[in-house]
Structure formats: structure tokens, C-alpha cells
Number of protein chains: 2
Amino acid sequence: MQITRQTEYAIRTLIELSKVPLGTILQTRDISQKQDVPEVFLTKTIQLLARAGLVTTQRGSQGGVRLAVSPDKITIADVLTVTEGRLGLNVCLTESGYCPNMNICPVRRVLKRAQEAMLAELKKDTFADLVADPEKEKEKE
Amino acid sequence: MQITRQTEYAIRTLIELSKVPLGTILQTRDISQKQDVPEVFLTKTIQLLARAGLVTTQRGSQGGVRLAVSPDKITIADVLTVTEGRLGLNVCLTESGYCPNMNICPVRRVLKRAQEAMLAELKKDTFADLVADPEKEKEKE
DNA sequence: TTTAACTGGATAAATTATGTCCTATTTGTC
DNA sequence: GACAAATAGGACATAATTTATCCAGTTAAA
């Protein structure tokens, strides 16, 4: 019932990348140090983000990671669907999940609504919002 | 990111208890057979529900479990808070959780909203609703 | 050519969730 | 009072998942 640490690492990575001008390359090592995340493990997380098309990685010297899409196009909901292997409050709500009476199960219906409400909320703020100067954010209100 | 199997067991137990007239005692064994849940494990789950005041257990011959409150006063949200040890999308949202910058963290704020949205949705249907004959439910609309 | 980075597979360690066993304790019934 | 039926609760065992590390590749810049 909690997001995994890996999801948290992914969020922090995207936060770091959203703070710098779009297109800027950061090294995994830098991110791991800034955010206090084990470097080798972070590598794997970044690979997930890369396969999902959220970031682009570049090998070789001077390589690293950069955002593949503008921070105002990414939300925490996107991260969840990438890093949380089986998103879904219950098995019957995951892609591969199956339950003989999933069509009539009232519990499933309630859980589904709850999950959708959660994701809808997560979609309201983009990473651009998350890294925005809180003072400036206030001005918008 | 999923409810545990124990939570599912707890929900199923309450479903069974909500189907019978309020006050009816059922045995753990019966519930475990009807819902296909390992009996000894279910015992533990029921103990959690009992400590939380949702059900009352009675020892001895003719003993068993019965609802401690009317099914229209219990929701899946109640079950979650009982069986999901650390409810909270992230550590910083659990009771014991702490993070040095939890006051200013924008991620925490978004996760908190999402979690509240989820719980709010779960609170909309009571167990009385869940076991209601779907036909009769329609009539109410 | 060397060095700095990511890739990817295998594996290990840690944590959590699930399930079982055994010995109490309580309560109804004969 | 003896017995049987039921939960209580601690200790333990197993399984699954998550987190972390290792190592041998591959890519690209200088």
C-alpha cells in the first residue's frame, strides 16, 4: 500500500532533471549523490524511465540522462505506471490480473473507483509545478 | 501499491458477516471455507478486526465472530486502516513516518492529496451497499 | 587508445507477507 | 466435573518481493 523506494528514486530523479534547463544532461552519479540514492541501483531505475520514454540516456564519456519530454508533460502518475510493476489496488485491477467474478464483484468496483480517483489527483500536478518556486506558484493563484 | 492479501481476506470476512442478520455468529472455519482462505491465517486477520472494534469474537463452544457494528457503518477504508500496517502512499505519510523536509516537500503534498482522494472514494460505499442485491440497488437510483 | 558513461544479466541480501504449529484459555453441554 | 468446541497468542517456517551489488559488455568523446 506504499509506493516502492524505486518509485521514490524515480520521482527524485525527475525532480533533479526538471530543475535544470530542458535538454541538460546529468550523470547518474551526480543524481545519486544529490538525492542520496545507491548509484548502481539508480542505474536500473533510470533504465526503466528510459524504456518508458520519459528520459533519454547517452552512453560514453560526457554521457548521462536528460528529459525526453518537457517537465510540464510529466506527472507522478506517469512515474507510477512505469515503476510500480503491478499498478492496481488489487490483483484484479492489474493488467494481467484475472478473477472469475470480476464482472459482478462490488468490491472490485469500489477499488477501481478509488484507484482512478488517486491517479486523477496525481495527474493534476506536473513536474514543472513540483519544482516551481513556491512564491511564484502563489502568484498564479 | 497493492492491498495485501490479508486486507482482501478481511474484506471477504466482513462481506460474509454482512450477508447474515446483524448479530449472527459465524465460525472462522466456515468463513475460511466459503471464501477459500487458509483457516489459521484468517484467525489472525479476524483478531485484527476484533482489536479494531469492527467485530466481536466469542470463545468456547458455539463461539465465533459477529459484527460489532452495523454493516452500513463500515467501509473498505476502515478495513485498510486496520490491516494495512503502514497506510500511506509514502513513508512520510504514515503515522510514524518522518522526513526532514516534509513541511515543504511538494511531492508529499501531491501524494497526500491522492491518498485522501482514494480514501474518500472508499468511504462512499458501506458493506451494506456491497452486499446489497444489485437489482434492489438499481431501484434506489 | 584511453577514459567515462550507460547496458544488461546474474546474483545476493534484506525486508515483508503469508502460512503453520503448538500450547493456552474460554465457554457450552452432558 | 469432564469433555469438546472455539478463539488467543507467541514462535517459527516459507515464500515473495524489494533493494542492492557485481561483473563483463558497449558506446562515445577527447
Side-chain angles (χ1 to χ4, degrees), chain A residues 1-13 17 24-33 35-52 54-68 80 82-88 90-91 94 96-97, chain B residues 1-13 17 24-33 35-52 54-68 80 82-88 90-91 94 96-97:
Chain A
M1 196 65 267
Q2 278 192 7
I3 60 175
T4 63
R5 217 173 296 177
Q6 185 166 50
T7 298
E8 166 114 30
Y9 294 166
I11 293 175
R12 292 202 212 163
T13 298
L17 288 171
T24 310
I25 284 195
L26 298 181
Q27 269 88 59
T28 301
R29 163 165 314 190
D30 289 345
I31 299 174
S32 87
Q33 286 174 350
Q35 294 283 353
D36 193 31
V37 171
E39 185 180 342
V40 192
F41 189 64
L42 184 57
T43 297
K44 311 291 186 183
T45 309
I46 289 177
Q47 279 174 39
L48 286 180
L49 294 175
R51 284 189 206 124
L54 294 178
V55 302
T56 309
T57 56
Q58 186 175 332
R59 291 183 175 188
S61 169
Q62 309 303 314
V65 206
R66 64 174 199 276
L67 284 185
L80 284 211
V82 171
T83 56
E84 294 288 320
R86 302 181 304 174
L87 185 59
N90 204 357
V91 202
T94 61
S96 53
Chain B
M1 198 65 267
Q2 278 192 7
I3 61 175
T4 63
R5 218 171 296 178
Q6 184 164 52
T7 298
E8 167 114 28
Y9 295 165
I11 293 175
R12 292 202 211 164
T13 298
L17 288 171
T24 308
I25 285 196
L26 298 182
Q27 269 90 57
T28 301
R29 163 165 314 191
D30 290 343
I31 300 175
S32 88
Q33 286 173 350
Q35 294 284 353
D36 193 32
V37 171
E39 184 180 341
V40 193
F41 189 63
L42 184 58
T43 297
K44 312 290 185 180
T45 309
I46 289 178
Q47 279 174 39
L48 287 179
L49 294 176
R51 285 189 206 124
L54 294 179
V55 302
T56 309
T57 57
Q58 188 175 330
R59 290 184 176 186
S61 170
Q62 310 302 314
V65 206
R66 65 173 199 277
L67 284 186
L80 283 211
V82 171
T83 56
E84 294 288 319
R86 301 181 304 174
L87 185 59
N90 203 358
V91 202
T94 60
S96 54

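Proteins come first, then strands; the chains are lettered A, B, ... in the order of their sequence lines, and each starts at number 1. These values consider heavy atoms only, across backbone and side chains, with no hydrogens, waters or symmetry-generated copies.
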Q. Does the side-chain contact (heavy atoms from CB on, under 4.5 Å) test come out yes or no for B/Thr43 and B/Gln47, once each step is laid out?
A. CA-CA 6 Å; B/Thr43 297; B/Gln47 279 174 39; 3.4 Å; yes
Q: Go through B/Glu84 and B/Thr7 one step at a time and tell me if the side chain to side chain donor-acceptor pair (under 3.5 Å) criterion holds.
A: CA-CA 7 Å; B/Glu84 294 288 319; B/Thr7 298; 2.5 Å; yes
(Q) Taking the side chain as everything from C-beta on, heavy atoms only, tell me whether B/Glu8 gets closer than 4.5 Å to A/Val91. (A) no
Q) Roughly, in whole Å, what's the span from CD in A/Gln2 to C1' in C/dA17? A) 14 Å
Q. Expressed in angstrom and rounded to an integer, what is the separation of B/Arg66 atom CZ from D/dA6 atom P?
A. 16 Å
Q. Within a strict 4.5 Å, meaning less than it, do heavy atoms of the A/Leu26 and A/Val65 side chains meet?
A. no
Q | Validation row: B/Thr45, B/Thr13 side chains within 4.5 angstrom (heavy atoms) | A | no
Q.
Could you tell me how far apart B/Arg29 (CZ) and D/dA8 (P) are, to the nearest whole angstrom?
A. 15 Å
Q. Rounded to whole angstrom units, what separation is found between the CG atom of B/Leu48 and the P atom of D/dA8?
A. 11 Å
Q) Where is the tightest heavy-atom contact between A/Gly63 and A/Ile25, given as atom of each residue plus distance? A) O-CG2, 3.6 Å
Q. Taking OP1 and OP2 of D/dA28, is either one under 4.0 Å from a side-chain nitrogen or oxygen of A/Ser61?
A. no
Q: Could you pick out which residue, A/Gln6 or A/Gln62, lies toward the 5' side of DNA chain D when each is mapped onto its nearest nucleotide?
A: A/Gln6
**Q.** 5'-most by nearest nucleotide on DNA chain C - B/Arg59 or A/Leu26
**A.** A/Leu26
(Q) Check this one for me: any side-chain N or O of A/Arg51 less than 4.0 Å away from OP1 or OP2 of C/dT7? (A) no
Q) Please give, in whole Å, the distance from D/dA28 C1' to A/Ile25 CD1? A) 11 Å
Q.
Is there a side-chain contact between B/Ile3 and A/Met1 in this structure, where contact means two heavy atoms from C-beta onward sitting under 4.5 Å apart?
A. yes
Q. Rounded to whole angstrom units, what separation is found between the CE atom of B/Met1 and the C1' atom of C/dA17?
A. 16 Å
(Q) OP1 or OP2 of C/dA4 versus the side-chain N and O atoms of A/Gln27: is any pair under 4.0 Å? (A) no
Q | Of residues 35-45 of chain A, the positions that come close to DNA chain C - non-hydrogen atoms, cut-off under 4.0 Å | A | A/Thr43, A/Lys44
Q: Considering just the side-chain nitrogens and oxygens of A/Tyr9, establish if one lies under 4.0 Å of OP1 or OP2 belonging to D/dA20.
A: yes
Q | Spacing between B/Gln47 atom CD and D/dG10 atom P, to the nearest angstrom | A | 9 Å
Q. Quick one: B/Ile3 CD1 to D/dT17 P, roughly how many Å, whole number?
A. 15 Å
Q. Side-chain N or O of A/Thr4 less than 4.0 angstrom from OP1 or OP2 on D/dT18?
A. no
Q: Please determine, for the side chain of A/Arg5, which listed nucleotide (D/dA8, D/dT19, D/dA29) has the closest atom?
A: D/dT19
